[in-house]
Every structure is written in C-alpha cells, then in structure tokens.
Number of protein chains: 2
Amino acid sequence: MPSVIWMRPVRGRRGPEPSRDRDAIARAAIAVADREGLAAVSMRRIAAEIGTSASSLYRYVARKDDLLNLMVDAALGAGELQPSGDWRMDLQQIGHAMRAVFKAHPWLTTALAGRPTLGPNRLRALEAMLTLLAPSGLPLAEQLALIDVLTSYVRGFVASELASDAAIRQSGLSAAQWHADQAAYTAAIRASGVYPLTSALFDELQRTGAADQDAGFAAGLDIVLEGIAARWAVVRHGKPT
Amino acid sequence: MPSVIWMRPVRGRRGPEPSRDRDAIARAAIAVADREGLAAVSMRRIAAEIGTSASSLYRYVARKDDLLNLMVDAALGAGELQPSGDWRMDLQQIGHAMRAVFKAHPWLTTALAGRPTLGPNRLRALEAMLTLLAPSGLPLAEQLALIDVLTSYVRGFVASELASDAAIRQSGLSAAQWHADQAAYTAAIRASGVYPLTSALFDELQRTGAADQDAGFAAGLDIVLEGIAARWAVVRHGKPT
DNA sequence: TAGCAACTGGGTACAATGTTCGCAATAGGG
DNA sequence: CCCTATTGCGAACATTGTACCCAGTTGCTA
C-alpha cells in the first residue's frame, strides 16, 4: 500500500461502499481546527464529528498525518486564478489570496511546517504559477525558486500576524492576562537598555495600530515582486547574473 | 507567575539550589532533537537525559511549550555577526548563516511554526539586523518588514530542502521505500497529463542533482536582496512608492 | 449458485504522553 | 530556632495515536 494518500484507492473493489468520503472528513477536521485550533483535531474527535468511531476513521486515513495532509490540501484548494496577462499583477493577486486563505485557517501555517503535501489542489496551484512564469524563459528550477520566495514570504508574514493569537490560544491564558505578561516583558527589555532599536520598534508598532498591517504586507510583497522582476529582466536583456 | 519563561526567576529565594540550569536542559533537548527528531523530545525523555524525572523537569519549565522555547532560542543563538559596513554583504552573510543553523537543526523550522519566541538570543539578532538597516532611514516597522522577508525566505527554502527528510523520518518508512512511493506518485502525475509544466519541473529537478541547491538558495537570496535594495533606494532618492 | 476472499464498521486494548498532586528533604528569613 | 518557600520525585490521571479482533457485507469465481 503506497504511503502517499492520493495514490491509495478511495475504496476497495469488494465489500460495502464506504459511508463517508475524504472530502467530508477533511471538511469536518478543518471546521474543528478553525473553531478550536489544531490541538483539538484528534482522531477520536474528528471521528465523533462525522458520527463514527476512531478505529473506523482509520479505514480512510492510514495515519493521523494523512488526515492533516487532507486538511492542508483541501484548505489550499480555495483559490482560483483568473490570469490577466500581467504576470506581476497576477502574482500580487495570488499573494493576497494566499494571505486570505492562511488567515481564514490560522492552523494552516503550523500544519504546513515540515509537511511537503503535494495533493491535487496544490498541484493545480503550482501548475498555474508555472504557467504564469513561463514567459520569463527562466529554467524551471529557478522559476520554482521565485515561487518559493513568494510563498515563503506570505507564509512567514501571516505566521507573524497570527503568532500572538496562536500563543494566546496555546497558553490557555486569557487574552488580557497574556497581553499584560507580554507588556511586562517588553518593558523589561526596554529597561535593560541593551536593545534600543528593538525598544523603539516596539513603541512604533504599538503606536501604529494593527490596521496598517495590510499596508505592511503589501509593501513586503512589493519588495518580493521587485526582486522577481529584476531576475526576470536579467534574462530578458541578457545581462549576466 | 508570568507566562513568559524569561520573566520567571531562574531560582527561588529559599530552598535548595536547583541542581540543573536552563542551558543544560536546552542543550540536552537540542541534542535529542538533532539525533532523533522533534517527536523524540518528550518531558520524560529529556528528564532522563539529564538524569532526573519528568516531574522534576517541571520545576524548570512550566509547560512543554517552554522547553521548546528554550530550545529554539538556544539554537538561534549560534550566529555572531561581524559587520563589514556593506549592508548587502552583511545581510547575505546573515542569510547564509541562518540557513546553516536551520540545516544543523532540522527540527527548528517546525518548532518555530506558530511560536513567537523572543528570547535573549533572538533579541540580540533582531537588534543587530536593525542596526544594519538603520542607515536606510526607513521607518522601523518597514525595516521589520524587510527582515521578515529575508528570514521568511530562508526558513521557507530550508523547509523545502528538509521536507523529504522530515517526511521520511515521520513516516517511519525506509528511505528507499519512501522514494519509490514518491517516484510512483510523480509518475502518476505525469501520466495524468494535466500538469505538463510540473512534470517538466520534476524532470529538471531530478536531472540536476541536489548539489546545486546551494546555487538555488543564493539565487533566491539575491532576489530578496535586490528587492530590499530597491526599497532602500526609493527612500534615498526620494522616489515615490 | 455456493463459497471464499476482500472489504467496512467498530469495540477494546495498550503503550506513551503532558501534567497534577502530595510528600520528604532543604535552605533562608524573622 | 522555627516557619515558610522551594526543590526533587514517585504515583496517578486523562488523553492520545494506533493495533487487533470480530461481525457483517459485497463481489468474484468455480
């Protein structure tokens, strides 16, 4: 039996028809993770959610890891791209769409860590981005590098955005208590006098609300796109690396 | 008692002197994670490693999460920067050093996911990078965005590099079996005919060995630095965003 | 058509995990 | 000097991922 879940047949050739399907399982697990965090996703819990038992769930996924793979690929499948012909605008749009997906499923960045999930949805997205970058004439491996730069940036940025929420949920403290502890910590950092720039940064971040985190994201995205454009131009104009 | 571990006193004012210290605990945990993966890091295991019991370990860390925070900050503390005066060269050097750290501790990218650890070592690194970017004259928040772009890229790239190793270890399969399964999967993807560019990418990646992954990383890093340089120039020459 | 093999559903069991509790020993502060 | 805060630790508990087994169901084949 193959270890990649998408290589395993969805049902055997004999015996009763399975009463659930992978999509329903993924949806249930995603709903739980969205509502209560990734830690709430246990085999027993998801099984109960779809009205069956843990051991029955193992008829659909070989290991819990496969359940997470299903969740990740299903969550990643939301985006659909309408190519406009302008690669930079398209990449920008993809970046914003990815950010929206990651923010809609706060557990996704964590679940993706160390998991090279390559399900049908992610394959579709990869193919679409390669199609977008094809006119660059760059070697495919380098196109992949460009895509990696973009997706890594988005994931990293959203991870920072969600970090406090995640930490709060994980710590089990009240949000107020957590923020108080955090404020005490930054106060101690400032008081140490060893980190003047970092302290100033804390001040600035506190002064400007989280409202312009959108602007920050867009600015970072522009940096990335600028780098990609530069690389693209190198090939187009024959300039050396 | 504060929830941030670095705000908690390292020992009480009475009673016997603790027989171990946080550094030794972090070192032991890092050694186990390096050798056997993050999954092998359990409270009982680390306690045994330093010759004590699980319940005693709880005198040093309030929760397992704190143990991971200690590990992350200790692992991140390896790098030391010698500023050369050329910010671009310095950032490049930092990027390469970070990649080395992440590759030396394959569990680090995973442990860092969803964990806004801000221990002394990370604070030092942040302050150093802000010092480096100070001449840009950019607002601190935007300097942070630049740093995020860089670190996100490095983390994302190394995560991709380590993904297969991590997946192999996690699956419990033999490396040969895993690669066979993976090859069968990519073959099925090619056979489907739906993903021509992705299939070509697989071919190209297989043809070029992993030897030039270094080159790929450097290329991506250049893209990032190019983007940062562009942003820097905007301010210096007063051009509009 | 009879029967066997493959398959699904699910109850039970097991080892391992994070974490809490209580108790004995030990140090400093009044 | 004694009281209280603190350390080390054994035992216990609920929860977790997962293996095993058995009963019922379907389809292939003789």
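Note: hydrogens, waters and symmetry copies are ignored here, and every other heavy atom, side chains too, is used. Everything quoted here is computed from the prediction, not taken from an experiment. Chain identifiers are assigned alphabetically (A, B, ...) following the order of the sequence lines, protein sequences preceding nucleic acid strands; residue numbering begins at 1 within each chain.
The only option from A:V32, A:I30, A:L38 that meets the side-chain contact (heavy atoms from CB on, under 4.5 Å) definition with A:D34 turns out to be A:I30.
The distance from atom CG of A:L130 to atom CG of A:L140, rounded to the nearest 0.5 Å, is 6.5 Å. Rounding to the nearest 0.5 angstrom, the gap separating the CG atom in A:D73 from the CZ atom in A:R122 is 8.5 Å.
Evaluation of the ring-ring contact (aromatic ring centres under 6.0 Å, His included) test over residues 145-182 of chain B, restricted to residues two or more places apart or in two chains, returns B:Y153-B:F157, B:Y153-B:F217, B:F157-B:F217.
Among residues two or more places apart in sequence or in another chain, the side chain to side chain contact (heavy atoms under 4.5 Å, CB included) test is passed with A:D21 by A:D23, A:A24. Applying the side chain to side chain donor-acceptor pair (under 3.5 Å) test to B:E161 and every residue at least two apart in sequence or in another chain returns B:R99, B:K103.
No side-chain heavy atom of A:L118 sits under 4.5 Å from any side-chain heavy atom of A:V4. Considering only heavy atoms from C-beta on, B:L173 stays 4.5 Å or farther from B:I168 through its side chain.
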- Annotated protein contacts, base or backbone, on nucleotides 5-14 of chain C with a non-hydrogen cut-off under 4.0 Å, one of B, S, - each: BBBBBBB-B-
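From one end of the helix from C:dT1-D:dA30 to C:dG28-D:dC3 to the other, with five pairs defining each end axis, the axis direction shifts by 0° (rounded to 10°).
Rounding to whole angstrom units, OH of residue B:Y58 and P of C:dG18 are separated by 6 Å.
Shown here is B:R13, whose CZ atom has no more than 12 heavy atoms of other residues, nucleotides or ligands within 6.0 Å.
The span of DNA chain D lying next to chain A, judged by atoms under 4.0 Å from heavy atoms, is bounded 5' to 3' by D:dT16 to D:dG27.
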- Task: Walk me through it: do A:L197 and B:Q143 pass the test side-chain contact (heavy atoms from CB on, under 4.5 Å)?
- Result: CA-CA 11 Å; A:L197 293 175; B:Q143 292 183 34; over 6 Å; no
